[in-house]
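Notes to accompany the following structure.
From a predicted model like this one, the values you see are computed outputs, not experimental measurements. Below, chains carry the letters A, B, ... as their sequence lines are ordered, and counting in each starts from 1.
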Amino acid sequence: MHHISTKIKELAQKAILDCYQVKENSLIIKPTSKEFDADFTIVIFPLVKRLKKSPQEIGDTLGKYMLDRLEWIVDFKTIKGFLNISLSDRIWFDVLDDIADTPHFGQQKNKGEKLLVEYSSPNTNKPLHLGHIRNILLGWSISNILETAGYEVVRTQIINDRGIAICKSMIAWSLYGENKTPKSQNIKGDLFVGNYYVLFDKKFNEEYAAWQKTNTAQIIFNNNSKKLTEELFFKKYKNEYFNNYSQLGKLTRKMLQDWENNDPDVLNLWKKMRSWVLEGFDETLDALNVSIDKDYFESETYLTGKSIVEEGLQKNIFYKKDDGSVWIDLEQNNLGQKIILRSDGTSVYITQDLGTADLRYKDYKMDGMIYVVGNEQDYHFQALFATLKALNRPYADKLFHLSYGMVDLPSGKMKSREGTVVDADDLIKEVIEEATQSTKERGVLDDLSPKEIQDINAKIGLAALKFFILKVQSKKRMVFDPKESVDMQGQTGPYIQNAFVRIRSIQRKANKMNLNGADSKYSILNVYEKNLIKLLLDYPHTIQIASNTLEPSEIANYAYNLAKAYHRFYHEVKILSDPDRSAVLFRLKLSHQVSDVLKNAFYLLGIQMPQKM
RNA sequence: GGCCCCGUAGCUCAACUGGAUAGAGCAGCUGACUUCUAAUCAGCAGGUUUCAGGUUCGAGUCCUGACGGGGUCACCA
């Protein structure tokens, strides 16, 4: 019964075959648009040329044929090149019954495939920000969607916990930290460490500014300035200063070497500070109500890629230049030459990713992987996938880059140097605060315990934030207006929650009225009811699309449309006070199914439903 | 400059993948709570889908070329 449209399509194809002895495979069937009174529409135009008959004649012939064969087709009309088909109400009652009888409606059957999803993937030197939030929400949501679409899913991340940037915060803490800890300062661990990362930059800039006045610096400037102003020259020279003259730079590079040589003091410091950051990350993920099954750390995987480099060289998939660096030729994929290993034998970004991929295969034997990473890395992933393909990895045919656009502020790009980065924890706090204000004003939660109130406010605030981000197609760059993100009216998460809460409220009342049981006498659907059933029927299809296109926004927009249709229905139709008992029971049943699907769809987005609001 | 992505109402986004008169929300204006929760509903207004060509019965969607925005072209990640 979930396949009304495919049934109609098949019948239409049969009709074409029987009436015109022509086979038509790419028939288009779609829901009839609102301004016409029918249920499904078959587009006739493509047939006109082949059959050399008028659209009207073809439509009428096919319509009549179908009307005669299927009892639940009750009418048809050919308008211009469109054959509009009307179905009997009974089929929609059957559909609703069928949905109600389907346990876990929307859940597709097991595909027997395991997919690994990578998201979040932060650096352990500063707290998460708005960009990470988009990443995490997309990763979490697509994981849920894939599970519902029948895949087994493993949620992972790769944590960048090594390298020069990490050492900067370690140096700053050793020099200026006075043995303070997140606990002693009562600061969240990731923010605590991030502050030292910022402090390093500040101290380094001071050091650099002082150095610029020295004779050495002036000589360098005079010899190399090439007409640049002093300011501009030293801006460009910063990196070289760090590597060749800076005291702090020297300390930092020394620390990285010591780290790679397993110096116990450095390792201890590194472990301590890393654990602070990771604790902080955990808190943020908790606050967002998401989780990750398995962490991979670059500190653990950065060496493993090297065995793959050996393998690639042996199989002549990679080649070595005279200086010792290793490359792969991806010219036939239009991706040029890609470096796989540095001339000094140390690994680069892609080396790690090759290693991590194999490590994951060893751990999980997955059939494929999805990397949730910003679109500035499109090229990297093309190269990575092509390389894994060249290496003939068993999972190489099912690798996807869920490439999402940057998040801008109304004022423009987020820039850490200009302090315009929106901190994840601040943002979460803010949206919950906004929800709290709102529920307080409206007084709807007054009879609940403080804990329940807090819980509901968190659900509402997070719904606003998450929906605001997930409703946008992932590949599009989006503008994040903090003011709009806490909006709770119109096309928002709370609007959809509100539809759910209205249904719960009705159900509570219905229970008190002892309105239970089934009644099948209700037989005439109004447009609002029919519309809701049609939308419910769309749900599995929507999951399919979202899963195929890796697009949570499909679910977000679907949920909005369903909630909107319910709000309309709620306003236009008496549910409990209708004198016809069979109507009441039918509408309760319909409402219940709507609430189930809304709840499920929101689950797919990682958003929870409150019972009251 | 080469390659990749984006361009739809004042703003934020849709448009079932080529189908009928391009839809929602916000902001603005008007109306609906003694009635199942008004975080709601209805209405008004808002568009040469950046531009110019092309493909065809039919283009916001496909192709070409401009223009505008962003990304990327590291032995960074």
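- Residue A/Tyr495 is classed as a sugar-phosphate contact, given heavy-atom separations below 4.0 Å to backbone atoms only.
- The phosphate of B/rA27 (OP1 or OP2) has no side-chain N or O of A/Lys483 nearer than 4.0 angstrom.
- In this structure, A/Pro410 reaches neither bases nor backbone, as no heavy-atom distance under 4.0 Å exists between it and the strands shown.
- For the OP1/OP2 pair of B/rG7 and a distance below 4.0 Å, the side-chain nitrogens and oxygens of A/Lys476 include at least one atom meeting the criterion.
- As judged by a 4.0 angstrom heavy-atom cut-off over every strand, A/Ile164 is placed among residues making no nucleic acid contact.
- The residue A/Gln497 sits apart from the nucleic acid: no heavy atom pair falls under 4.0 Å.
- A donor and an acceptor atom, one from each side chain of A/Thr436 and A/Glu434, are nowhere located under 3.5 Å apart.
- Within the 4.0 angstrom heavy-atom criterion, no nucleotide atom of any strand lies near A/Ser553.
- Summarising the base pairing, B/rU56 is matched to no nucleotide, lacking a Watson-Crick or G-U wobble pair whose two defining distances lie under 3.5 Å.
- Under the Watson-Crick or G-U wobble criterion, with both distances below 3.5 Å, B/rU72 is paired with B/rG2.
- Using a 4.0 Å heavy-atom cutoff across all strands shown, A/Tyr560 reaches sugar-phosphate atoms only and no base atom.
- You won't find any donor-acceptor pair under 3.5 Å spanning the side chain of A/Thr32 and the base of B/rA20, going by distance alone.
- One atom, OH of A/Tyr566, and another, C1' of B/rC41, lie 14 Å apart when rounded to the nearest Å.
- Nucleic acid contact class of A/Gln377 (heavy atoms, under 4.0 Å, all strands): base.
- Pair assignment for B/rU40: B/rA32, on the basis of Watson-Crick or G-U wobble contacts that are both within less than 3.5 Å.
- Using a 4.0 Å heavy-atom criterion, one finds that A/Leu341 contacts no nucleic acid atom at all.
- For the P atoms, the distance from B/rU50 to B/rA32 is 40 Å, rounded to whole Å.
- Spacing of C1' atoms, B/rU17 relative to B/rA9, comes out at 24 Å, to the nearest Å.
- Here A/Val373 lies out of heavy-atom contact (under 4.0 Å) with every strand.
- Among B/rU12, B/rG19, B/rU17, the nucleotide with an atom closest to any side-chain atom of A/Ile28 is B/rG19.
- Between the side-chain ring of A/Phe45 and the base of B/rG19, a stacking contact exists by the 5.5 Å and 30° definition.
- At a threshold of 4.0 angstrom between heavy atoms, the contacts of A/Asn84 include nucleobase atoms, whether or not backbone atoms are also involved.
- A donor-acceptor contact under 3.5 Å links the side chain of A/Lys574 to the base of B/rU35.
- Put simply, the side chain of A/Ser591 never gets that close to the backbone of A/Ile503: no donor and acceptor are under 3.5 Å apart.
- Ring-base stacking between A/Phe82 and B/rG19 is not satisfied when judged by a centre separation under 5.5 Å and a plane angle under 30°.
- Nearest-nucleotide assignment on RNA chain B puts the 5′-proximal partner with A/Thr41, out of A/Thr41 and A/His571.
- Across all strands shown, A/Lys413 has heavy atoms under 4.0 Å from sugar-phosphate atoms exclusively, and none from any base.
- Taking atom NZ of A/Lys475 as the reference point, atom P of B/rG7 lies 8 Å away to the nearest angstrom.
- Taking a centre distance below 5.5 Å and an interplanar angle below 30 degrees as the stacking criterion, A/Phe36 stacks against the six-membered base ring of B/rA20.
- Checking B/rG25 for Watson-Crick or G-U wobble geometry (two distances, each under 3.5 Å) identifies B/rC11 as its partner.
- B/rC16 and B/rC62: their P atoms are spaced 11 Å apart (whole Å).
- In textbook terms, a nucleotide whose glycosidic angle is within 90° of 0 is syn, and B/rU17 is one such case.
- B/rA22 and B/rA59 have their P atoms separated by 12 Å, with the value rounded to a whole Å.
- Put simply, CE on A/Met478 is 11 Å from P on B/rU12, counting in whole angstrom units.
- Note on A/Lys77 versus A/Asp37: no salt bridge recorded, every NZ/NE/NH1/NH2 to OD/OE distance being 4.0 Å or above.
- Using a 4.0 Å heavy-atom distance criterion, A/Thr549 is classed as a base contact.
- Taking the side-chain hydrogen bond (donor to acceptor under 3.5 Å, both in side chains) definition, one finds that A/Ser33 meets it with nothing, sequence neighbours left out.
- Look at B/rC51: its glycosidic torsion is beyond 90° from 0, and that puts it in the anti range.
- Counting atom types as modelled, A/Ser505 pairs no side-chain N or O with a base atom of B/rC36 as donor and acceptor under 3.5 Å.
- Nucleotides B/rG43 and B/rC36, compared at atom C1', are 25 Å apart to the nearest Å.
- B/rG18 sits 10 Å from B/rC63 when the P atoms are compared, rounded to a whole Å.
- Separation of the A/Tyr197 and A/Phe200 ring centroids does not fall under the 6.0 Å cut-off.
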(message) Checking A/Tyr495 against A/His567 for the ring pair (Phe, Tyr, Trp, His ring centres under 6.0 Å) test, could you report, in this order, the C-alpha distance in whole Å, the side-chain angles of both residues, the deciding distance, and whether it holds?
(response) CA-CA 9 Å; A/Tyr495 170 95; A/His567 278 306; 4.5 Å; yes

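- In this model, the phosphate group of B/rC16 is not approached by any side-chain N or O of A/Gln544 to a distance below 4.0 Å at OP1 or OP2.
- For the residue pair A/Thr346 / A/Tyr302, no side-chain donor-acceptor distance below 3.5 Å is found, with atom types taken as modelled.
- Results of the side-chain contact (heavy atoms from CB on, under 4.5 Å) test with A/Phe480 over A/Leu427, A/Val472, A/Asp408 single out A/Leu427 as the only residue that passes.
- No side-chain donor-acceptor contact under 3.5 Å links A/His541 to the backbone of A/Asp538.
- Separation of the P atoms belonging to B/rU30 and B/rU35 is 25 Å when rounded to the nearest angstrom.
- Taking only side-chain nitrogens and oxygens, A/Arg568 comes nearer than 4.0 Å to OP1 or OP2 of B/rA42.
- Nucleic acid contact class of A/Ser438 (heavy atoms, under 4.0 Å, all strands): base.
- An OP1 or OP2 oxygen of B/rA14 is reached within less than 4.0 angstrom by no side-chain nitrogen or oxygen of A/Lys471.
- Distance check on atom C1': B/rU56 versus B/rA24 gives 31 Å, rounded to whole Å.
- Residue A/Lys80 places at least one side-chain N or O closer than 4.0 Å to OP1 or OP2 of B/rU21.
- Not one side-chain nitrogen or oxygen of A/Lys564 sits closer than 4.0 Å to the OP1 or OP2 atom of B/rA24.
- For B/rA77, neither phosphate oxygen OP1 nor OP2 lies less than 4.0 angstrom from any side-chain nitrogen or oxygen of A/Arg162.
- For B/rU50, the paired nucleotide is B/rA66, the pair qualifying as Watson-Crick or G-U wobble because both relevant distances are below 3.5 Å.
- Across all strands, A/Thr542 comes closer than 4.0 Å to no nucleic acid atom at all (heavy-atom distances).
- A donor-acceptor pair shorter than 3.5 Å cannot be found between the side chains of A/Asp487 and A/Thr492.
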